[in-house]
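Written out below as structure tokens is the structure these notes cover.
Letters A, B, ... are given to chains in the order of the sequence lines, protein chains preceding strands, and every chain is numbered from 1.
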Amino acid sequence: MFRVVRRLPSNDVEWTDFDRVTPTARLTAQRSGRIEAGDVADEIGRVEAETRPRWVWDDTPRWYPRLLGAGVRVSRIVDLRLVHALLRSSSATEGSALHGAARGPWDTAQAATDDASALFELVPESLPDPVAEFLAQREAIEASPARAGLELLVAAESTGALVAVEMRRRGIPWSPIVHDAVLTELLGPRPGPGERPAHMRDDLDEIRVALGDPDVNPDSPVELRKALNRAGIPVTSTSKWQLSEHEHPVIEPLLRYKKRQRLLVANGWSWLDAWIRDGRFRPDYVPGGVVTGRWATSGGGALQLPKAVRRAVVADPGWKLVVADAAQLEPRILSGLARDAAMAKAGEGDLYEGIVRSGAVADRPQAKVAMLGAMYGATRGESGRLVPRLARAFPRAMAYVDAAAAVGEGGGVVSTLLGRSSPRPGAGVAPDVMPPEMPRADGDGASRAWGRFTRNFVVQGTAAEWALCWMAALRRRLYDTWGERGEAAPHLVLFLHDELVVHSPADVADLVAEQVRLAAVEAGELLFGPSPVRFPLTVAVVDDYGQAK
DNA sequence: CACTGATGCGCG
DNA sequence: AAAGCGCGCATCAGTG
């Protein structure tokens with residue numbers, strides 16, 4: 001049963017139930033009712049406990065923080081805003097009213113608020129009708145030839161929205177003491193305002209001596225490049241990889257300085273002051289924030305935590321972190337997409353070792369660089385040279401990504417396994433690439449760049465779908481097994497594309513690790529059914545995130 | 001002063 | 001200055 005909820009201007013909530021009588025029957029409204037503003041959380045909690053409907057609402061950040069604050073967790077929802085975005089652009093909904101609909105209120109990002117106290121006090125703007133939108137979405141899904149995939153995708157995307165709010169509510173356990181110790185070790189003690197940390201002052205002295213320039217400011221790329229050129233180092237940019245190609249006394253201290261400057265600026269003491277409260281880091285996750293379906297974050301850079309500061313993610317006393325990483329996820333996804341039996345066989349154990357054993361390449365590093373080259377569309381360098389050898393060993397996999405690239409080069413749309421479609425070139429939300437021009441002979445025009453994007457889209461996007469299913473399956477398993485423990489139950493605290501971290505009471509951490517593995521098996525079956533492709537994990541039960549891997 | 005784009009680097 | 005995808009963020013550099 002679906003229960004569509006809608007907040008009225010009075011802040012009362014109106015609900016309407018839709019039952020699915022048979023898989024093919026049109027949904028019809030069965031019952032409806034109204035909840036007074038003050039009873040919303042209690043009533044939703046009561047209905048959830050009794051019938052566990054699939055709640056349908058406009059935008060999860062507008063509903064769920066307040067519910068969680070009142071102790072109400074829900075199992076299943078449809079997030080109309082996220083699903084609208086999926087269905088509107090999906091090739092699998094062609095012919096439906098939703099497909100290619102004009103941009104409207106469902107396409108404009110809602111004012112995301114996590115301020116639970118303000119949520120229901122907001123004067124609702126003239127919100128679009130959630131019942132009409134829900135019916136349009138159901139119609140698009142049920143008429144689609146790719147219905148099964150869309151149903152799964154819609155459920156996974158929506159559950160991701162729940163997890164994002166839940167993770168932000170719990171926060172990542174963070175030790176400011178350890179973080180400060182890391183910074184002090186790498187940079188020196190916390191400096192006064194406007195001062196450089198001690199180790200960076202030492203680096204700077206060395207840089208200035210080596211360049212014979214007592215005033216050079218390495219924070220200014222333009223100034224630095226000129227100073228380097230004056231010292232006889234012919235760099236055209238100040239990027240670290242170009243610097244490291246030259247022999248000169250300035251290079252080593254300069255690279256050290258840049259590394260430290262990066263840490264200071266991105267995750268230094270001011271980051272600590274801004275983002276850590278009461279021993280928790282609460283980033284603002286943005287499900288579906290990336291065109292491929294990956295999550296993004298806004299503020300805090302939670303998906304780019306440097307390895308060096310991960311030691312500061314410390315489990316509470318009596319708790320552990322269960323850190324799980326899907327090994328070589330994207331190439332495994334490709335072997336599933338392409339139904340490449342030879343590649344699936346190579347992936348029975350470590351995929352890259354398997355590729356070596358197949359005879360395609362000489363060693364594991366070569367296997368890795370060749371595989372990445374195949375998925376990203378490398379044409380030059382070592383990677384580009386190795387790709388053809390991979391293509392001989394795994395022709396089906398290679399044909400799959402080559403076909404996706406060809407579609408993109410021709411200005412077409414590609415889709416993931418479950419039905420998320422790539423943007424049309426030049427659609428605006430697209431990556432920073434110009435739309436393809438007429439195919440040209442110069443070998444690397446904009447159309448080639450777009451082809452590399454669509455080549456990668458099918459793999460990255462399907463990997464994101466696997467990861468959402470993995471996370472959703474784990475969420476359900478954690479709740480089913482330990483849900484009655486309430487706040488003391490193991491809970492997800494981080495989701496990093498192909499990696500999950502669960503904060504767990506120590507006594508059940510090993511059982512959590514087992515559930516993480518079972519959830520990965522479940523995700524593989526959801527996407528690929530009976531298939532030889534495997535999705536092995538590396539799982540570590542640790543006290544701090546720095547100990548994992 | 002505010003704004004925008006480029007640069008460089010952290011992550012997957 | 002990447003070769004080869006997807007991001008966020010701080011800072012600099014240039015413009016209005």
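The aromatic rings of W174(A) and H179(A) sit tilted relative to each other, their planes meeting at an angle between 30° and 60°.
The side chain of V291(A) lies closest to dC7(C) when the candidates are dA1(C), dC5(C), dC7(C).
Side-chain atoms of R389(A) come within 3.5 Å of backbone N or O of A360(A) as a donor-acceptor pair. Remark: side-chain polar atoms of R208(A) are paired, donor with acceptor, to backbone N or O of V216(A) under 3.5 angstrom. Not a single donor-acceptor pair under 3.5 Å links the side chain of R364(A) to the backbone N or O of V356(A). Between the side chain of D340(A) and the main chain of A344(A), no donor-acceptor pair closer than 3.5 Å is present. Between the side chain of S91(A) and the main chain of S421(A), no donor-acceptor pair closer than 3.5 Å is present.
One interatomic measurement links the two molecules: CH2 of W295(A) to C1' of dG12(B), which rounds to 15 Å at whole-angstrom precision. Look at CD on Q328(A): it is 14 Å from P on dG12(B), rounded to the nearest Å. The separation between D402(A) atom CG and dG4(C) atom P is 14 Å, rounded to whole Å. Between the P atom of dC7(C) and the CD atom of Q460(A) lies a distance of 7 Å, rounded to the nearest Å. Going from atom CZ of R385(A) over to atom P of dA2(C) covers 20 Å, rounded to whole Å. Atom CH2 of W450(A) and atom P of dG4(C) are 17 Å apart (whole Å). One interatomic measurement links the two molecules: CG of N229(A) to P of dA1(C), which rounds to 11 Å at whole-angstrom precision. Taking atom CD on E499(A) and atom P on dC7(C), their separation rounds to 20 Å, with Å as the unit.
Between G384(A) and Q242(A), the residue whose closest nucleotide on DNA chain C is further toward the 5' end is Q242(A). Between A296(A) and T236(A), the residue whose closest nucleotide on DNA chain C is further toward the 5' end is T236(A).
Ionic pairing of R256(A) and D203(A) is present here: one or more N-O contacts between side-chain nitrogen and carboxylate oxygen are shorter than 4.0 angstrom. The residues E348(A) and R534(A) are annotated as not salt-bridged, no charged nitrogen and carboxylate oxygen being separated by less than 4.0 angstrom. Classification of E522(A) and R517(A) as a salt-bridged pair fails, no side-chain N sitting under 4.0 Å from a carboxylate O.
Here ring-ring contact (aromatic ring centres under 6.0 Å, His included) pairs that include residues 283-309 of chain A, with residues two or more places apart or in two chains, are Y285(A)-W295(A), W295(A)-F495(A). Pairs engaging residues 453-473 of chain A under the side chain to side chain donor-acceptor pair (under 3.5 Å) rule: T292(A)-Q460(A), D402(A)-R455(A), T416(A)-E465(A), N456(A)-Q460(A) [sequence neighbours left out].
As rounded to the nearest Å, dG5(B) and dA3(C) have C1' atoms that lie 25 Å from one another. Between dA1(C) and dA13(C), the distance separating the two P atoms is 15 Å to the nearest Å. When the P atom is used for both dG4(C) and dG8(C), the distance is 23 Å, rounded to whole Å.
Among the atoms of the strands shown, none is found under 4.0 Å from any heavy atom of V401(A). Among the protein residues, A266(A) comes within range of no part of the nucleic acid, since none of its heavy atoms lies under 4.0 Å from any strand. Here T297(A) lies in heavy-atom contact (under 4.0 Å) with sugar-phosphate atoms only. G373(A) comes within contact range of no nucleotide atom at all, as no heavy-atom separation falls under 4.0 Å. Looking at heavy-atom distances under 4.0 Å, G300(A) makes contact with sugar-phosphate atoms alone, never a base.
Under 4.0 angstrom from either OP1 or OP2 of dG8(B) there lies at least one side-chain N or O belonging to S237(A). Residue T292(A) has no polar side-chain atom (N or O) positioned under 4.0 Å from OP1 or OP2 of dC5(C).
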Between the protein and nucleotides 9-11 of chain B, list every N/O to N/O distance that falls short of 3.5 Å.
| unit_1 | atom_1 | unit_2 | atom_2 | d |
| --- | --- | --- | --- | --- |
| dC9(B) | OP1 | K240(A) | N | 3.3 |
| dC9(B) | OP2 | K240(A) | N | 3.2 |
| dC9(B) | O2 | R262(A) | NH1 | 3.0 |
| dC9(B) | O2 | R262(A) | NH2 | 3.0 |
| dG10(B) | OP2 | K240(A) | NZ | 2.2 |
| dG10(B) | O4' | R262(A) | NE | 3.2 |
| dG10(B) | O4' | R262(A) | NH2 | 3.3 |
| dG10(B) | N2 | Q304(A) | NE2 | 3.1 |
| dC11(B) | OP1 | K307(A) | N | 3.1 |
| dC11(B) | O3' | R310(A) | NH2 | 3.1 |

Could you go over nucleotides 12-15 of chain C and give all protein N or O partners under 3.5 Å, atom names and distances?
| unit_1 | atom_1 | unit_2 | atom_2 | d |
| --- | --- | --- | --- | --- |
| dA13(C) | OP1 | S220(A) | OG | 2.2 |

Treat a base pair as Watson-Crick or G-U wobble with both distances under 3.5 Å, then lay out DNA chain C in dot-bracket form, 5' to 3', with | for cross-strand pairs.
....||||||||||||
Check: residues 262-271 of chain A side-chain donor-acceptor pairs under 3.5 Å, at least two apart:
| unit_1 | atom_1 | unit_2 | atom_2 | d |
| --- | --- | --- | --- | --- |
| W269(A) | NE1 | D180(A) | OD1 | 2.7 |
| W271(A) | NE1 | G300(A) | O | 3.1 |

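Checked by distance alone, R294(A) brings a side-chain donor or acceptor within 3.5 Å of a matching partner on the base of dG12(B).
No side-chain N or O of Y257(A) forms a donor-acceptor pair with one of D202(A) less than 3.5 Å apart.
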